[in-house]
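Chain naming here is simple, since letters A, B, ... match the order of the sequence lines and numbering starts at 1 in each.
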Amino acid sequence: MKLAKIYDPTLYETDIYALWEQSGAFSPSGKGRPFSLVVPPPNANGNLHMGHALSFSVQDIAARYHRLKGERVVFVPGADHAGFETQVVFERALEKQGKSRFDYSREVLYNQIFDFVDRNRDNFQTQIRKLGASVDWSRYTFSLDPKVVKQAYATFKQMWQEGLIYRGERLVNFCTFHGTAFADIEVDYQEEQGHLWKIRYTLSDGSGELVVATTRPETMLGDTAVAVNPKDERYKAMIGKTLKLPLTQREIPIIADDYVDVNFGTGAVKITPAHDPNDYQIAERHDLPFVTVIGFDGKLVHSVPKAFRGLSVLEGREAVLKQLEQEGLLVGDEELTHNVGHCYKCGTVIEPLLKEQWFIDIKPLADNALQAIREGKIEFLPQAKQTQLERYLETIRDWNISRQIVWGIPIPAFQNEEDPDDWIYDERVDQEVITLNNKHYRRDADVFDTWFSSSSWPYTTLGYPDESDFKEFYPLSLMESGFDLLYPWISRMIMLGLYVTGGIPFSKVYLHGMITDAQGRKMSKSIGNVTDPMETIASFGSDALRIGVISGQTPGNNQPYVEAKVIGGRNFINKLWNIARFTEGLVENFDQTEAKAVSAADHWILLQYAKTKTSYVEHMDNYRFSEAFETIYHFLWNDLADWYIEASKIEPNPTLLAELLRGSLPLVHPFAPFVSETIWQTLELRQDSLLINQPFIDLPMGNEKDALQFEKIKNLVSEVRSLLTATKAKKVKLYYHNEPVVASFATIINQLGGTIGVEEAEAGRGIALTGSGFSCWLDIDQESIDRYAAHLEDLISVEQKRTKQLQERLNNPNYVKLAPKELVDQTSSQLTEAEQTLEKLLEEKIRFAPRR
RNA sequence: GGGCGCUUAGCUCAGCUGGCUAGAGCGCUUGCUUUACACGCAAGAAGUCGGGGGUUCAAGUCCCUCAGCGCCCACCA
């Protein structure tokens with residue numbers, strides 16, 4: 001035996017992967033149509049988690065399936081520098097050494113992080129190999145590779161020239177701990193218990209006062225107005241007057257704006273344009289000045305009154321409140337639940353701060369994307385995500401692409417040292433100052449938002465615009481990603497793809513849900529509920545993990561990680577292995593491939609194979625991987641192993657069995673690549689070939705008539721087994737009368753049914769079989785017959801119910817009139833069948849009514 | 001406040017364009033040393049498809065409504 005008694009994945013997986021990789025099987029080949037997908041690049045610095053396992057599984061199943069279909073598959077791997085994410089991890093490492101990023105120059109820090117990431121590269125690539133991802137390593141792209149940077153610059157330049165990029169001082173979401181701004185969608189909002197304080201402001205002319213309500217009293221130092229609703233009778237008379245801003249000597253106007261809600265708070269809102277997005281908008285409308293009170297370090301700035309200078313936001317709040325109280329201006333304090341934005345990494349409260357940044361005027365891009373999506377150029381799985389994306393694009397706001405970190409692509413823009421408004425585009429970002437026409441320009445200290453460059457992923461990885469990959473494989477056939485990236489990544493790939501290449505970046509998007517723990521909670525280190533896919537692979541094998549995450553999986557829905565499903569996968573692999581072992585024991589020569597169906601079982605299994613393959617292909621083509629797997633799972637386990645192999649023990653057809661194995665392995669391969677290839681190689685199912693790039697195999701078609709005969713025998717066997725179990729009868733003979741089919745299958749029936757003989761009889765002996773359409777009897781003993789009577793009652797009531805249902809359906813004239821004819825015909829033949837069975841059962845009942 | 005989803009067996013979930021006795025895996029019950037497999041074999045039990053209404057010959061599937069759960073976006077200072 002070449003196949004070991006037990007399949008131990010750890011003994012084979014590494015070698016099998018190396019075999020594929022070295023043979024060049026991962027590169028596109030042949031003359032089929034192109035099929036392309038590009039891996040959403042995981043963070044180069046991190047370990048792969050369960051979500052990656054799912055994502056790679058979905059992609060690899062698609063890739064392998066299309067490869068087996070003979071298509072030219074390109075499956076491009078990559079890694080993301082994940083700017084901010086990685087810098088944070090690195091800073092933590094520095095912290096452990098008692099250092100911080102401020103101890104190094106930008107260049108030194110960048111190089112250190114580069115080395116740090118580079119050191120982790122092997123680990124990261126090993127993990128992808130362990131998952132069995134059939135990616136083409138020769139096309140591996142890192143998101144800081146020159147071609148990616150080059151493309152980011154080209155796009156930035158083009159947008160700048162076309163006026164789609166502007167530099168402006170806006171309120172940005174700023175983390176004062178990490179010292180960088182974020183895009184709107186990167187801010188993590190949490191509901192919190194806070195206070196609504198009420199503060200009295202008096203009118204400058206002494207004619208009265210009003211009370212404002214605020215959750216952030218410290219920002220009052222930057223107030224430049226108080227707004228009221230123009231319809232609010234309480235304040236109508238005050239509009240246009242000025243107030244004396246407490247704690248400072250400034251005078252600020254009372255303005256009217258519809259934004260103010262009459263029913264909230266006091267109906268009077270202090271306006272701090274430099275520290276609140278809504279106030280910012282009001283200030284724009286009313287041409288109010290901007291007064292900054294909080295700095296980028298999170299402390300109150302020098303221009304605030306001396307008492308508050310240098311205090312943190314919270315200290316400042318306390319101090320301001322205390323002062324107000326002393327002056328008798330604090331007139332209320334209510335509890336309030338409100339949403340507060342936090343840095344998604346460190347939890348620091350995000351401060352809206354005024355900062356000059358580069359923005360993309362997103363509306364024109366979003367409109368193009370919307371049009372393409374509405375025209376149905378991109379198919380979404382699940383479909384509902386399309387609607388969600390459309391809503392997002394309809395309301396999208398300009399995109400801040402500047403980040404104040406070092407780990408990223410430097411923005412190729414320089415500012416005239418003498419004229420702050422003079423910005424030029426230049427790619428000499430390795431120099432801090434450049435000279436042009438005798439003018440000195442200083443490099444922008446910022447780098448691009450990682451998503452800006454990674455949004456070009458579909459075409460930069462393929463070598464836009466000139467390389468043959470781009471020409472052949474763009475747009476991608478499939479983009480697979482977690483649905484959490486719908487806005488930050490998918491939407492931007494569509495927008496930038498259309499903008500840069502003029503075409504959609506991919507024609508299909510498959511969005512998987514999040515993998516949670518068994519209780520449906522997010523996996524997180526702090527809860528300690530994380531399952532490491534590498535550990536699962538070590539325990540159960542890569543194939544088992546893949547089956548575990550894919551079974552029952554549908555796009556768009558979260559799914560818990562359930563180890564039982566992985567174990568189920570492992571058990572299936574064991575089954576497959578043993579099917580192969582049984583086959584190996586029977587087959588002398590795997591080279592012989594001219595299989596012929598001889599027995600009814602042969603015809604039956606071939607027909608089952610053909611049906612399985614048809615439905616498998618349909619599911620696969622529609623990305624219903626879980627269902628496709630179920631199809632092949634049940635074919636192998638229930639049809640092939642439970643029936644055909646059992647029948648083979650009596651009437652073997654080794655050549656056909658070998659062909660069935662050969663034909664099944666490609667169908668299993670996308671789901672269990674390692675074990676299927678291991679079997680293929682070990683048994684040398686085809687000389688000098690790899691399963692990974694075998695085309696799907698057509699087996700001869702089974703004859704329906706013979707197949708049906710086996711189906712009947714199968715039913716007979718099932719009925720025999722069922723009756724034997726119900727009656728607990730032992731050592732029973734099956735008799736038949738004038739049934740040539742039963743006679744010819746006597747050995748199989750006897751063996752599979754578990755009887756001690758199948759013999760011809762002149763007349764009925766024992767209890768009659770009622771379900772399988774043969775004149776057969778089980779010769780059971782008297783004691784068992786009493787149990788049979790009870791069992792009969794169950795069977796009768798089932799059959800009566802069924803008969804009644806069918807009758808009712810046929811008694812409905814509208815059904816007969818309106819339903820398709822095939823359906824009606826089917827119903828009536830079912831009724832006939834059910835009635836016959838019922839009749840037989842009732843006859844049996846009369847014969848074996850329990851004696852009272 | 002707006003949007004999107006989910007609710008099907010004890011558990012985790014499938015169920016594609018409405019159609020035949022609603023499925024799977026795990027778990028459960030009963031019985032098996034059947035020489036490929038106990039990671040197994042055989043036989044079973046278990047669901048008023050969240051509630052209500054409607055459309056239809058026919059609804060888990062389509063429409064309306066209510067309830068519970070979840071996610072996303074916006075946000076009342």
Participant: For A:Phe483, is the NZ or CZ atom of A:Lys385 found under 6.0 angstrom from the centre of its six-membered ring and inside 45 degrees of the ring axis?
Facilitator: yes

Participant: When you measure from the side-chain N and O atoms of A:His338 to the phosphate of B:A77, is any distance below 4.0 Å, counting only OP1 and OP2?
Facilitator: yes

Participant: Indicate yes or no: at least one non-hydrogen side-chain atom of A:Tyr623 is less than 4.5 angstrom from one of A:Pro555.
Facilitator: no

Participant: Ignoring the backbone of A:Thr387, work out which of B:A77, B:A14, B:C4 is nearest its side chain.
Facilitator: B:C4

Participant: Report the nucleotide, chosen from B:A77, B:C4, B:A36, that has the shortest atom-to-atom distance to any side-chain atom of A:Gln388.
Facilitator: B:C4

Participant: Are the side chain of A:Asp517 and the backbone N or O of A:Asn529 linked by a donor-acceptor pair below 3.5 Å?
Facilitator: no

Participant: B:A14 phosphate, OP1 or OP2: any side-chain N/O from A:Thr554 under 4.0 angstrom?
Facilitator: yes

Participant: Measuring only between side-chain heavy atoms, which start at C-beta, is A:Phe380 closer than 4.5 Å to A:Ile373?
Facilitator: yes

Participant: Classify A:Tyr487 by what it touches in the nucleic acid, base, sugar-phosphate, or nothing, heavy-atom distance under 4.0 Å.
Facilitator: sugar-phosphate

Participant: Among B:A77, B:C37, B:C39, which nucleotide has an atom closest to any side-chain atom of A:Ile6?
Facilitator: B:C39

Participant: Let me have a per-nucleotide readout for nucleotides 20-32 of chain B, 5' to 3', with B, S or -, counting only protein heavy atoms under 4.0 Å.
Facilitator: BB--SSS------

Participant: Are A:Phe635 and A:Tyr633 an aromatic pair, judged by ring center distance below 6.0 Å?
Facilitator: no

Participant: Among B:A77, B:A74, B:G44, find the nucleotide with the atom closest to the side chain of A:Tyr189.
Facilitator: B:A74

Participant: Identify whether any heavy atom of A:Asn557 sits under 4.0 Å from a base atom; if not, whether one sits that close to sugar-phosphate; answer base, sugar-phosphate or nothing.
Facilitator: sugar-phosphate

Participant: Taking any heavy-atom pair under 4.0 Å as a contact, classify A:Ser722: base, sugar-phosphate, or nothing.
Facilitator: sugar-phosphate

Participant: Strictly below 4.0 Å: does A:Arg570 bring a side-chain N or O up to OP1 or OP2 of B:C39?
Facilitator: no

Participant: Starting the side chain at C-beta, find the nucleotide from B:C39, B:A36, B:U12 nearest to A:Pro560.
Facilitator: B:U12

Participant: Contact class for A:Ala384 vs. all strands (heavy atom < 4.0 Å): base, sugar-phosphate, or nothing?
Facilitator: sugar-phosphate

Participant: Give a yes or no on whether a salt bridge exists between A:Arg624 and A:Glu630, defined as a side-chain N under 4.0 angstrom from a carboxylate O.
Facilitator: no

Participant: Looking only at side-chain atoms of A:Glu646, point me to the closest of B:C4, B:A43, B:A36.
Facilitator: B:A36

Participant: Determine which bases of RNA chain B form Watson-Crick or G-U wobble pairs with both distances under 3.5 Å, and write the result as a 5' to 3' dot-bracket string with | for other-strand partners.
Facilitator: (((((((..((((.....[...)))).(((((.......))))).....(((((..]....))))))))))))....

Participant: Does A:Glu584 pair with A:Lys2 as a salt bridge, N-O distance under 4.0 Å?
Facilitator: no

Participant: Can you tabulate the close N/O pairs, meaning under 3.5 Å, that link protein atoms to atoms of nucleotides 57-62 of chain B?
Facilitator:
unit_1 : atom_1 : unit_2   : atom_2 : d
B:C57  : O2'    : A:Asn812 : ND2    : 2.7

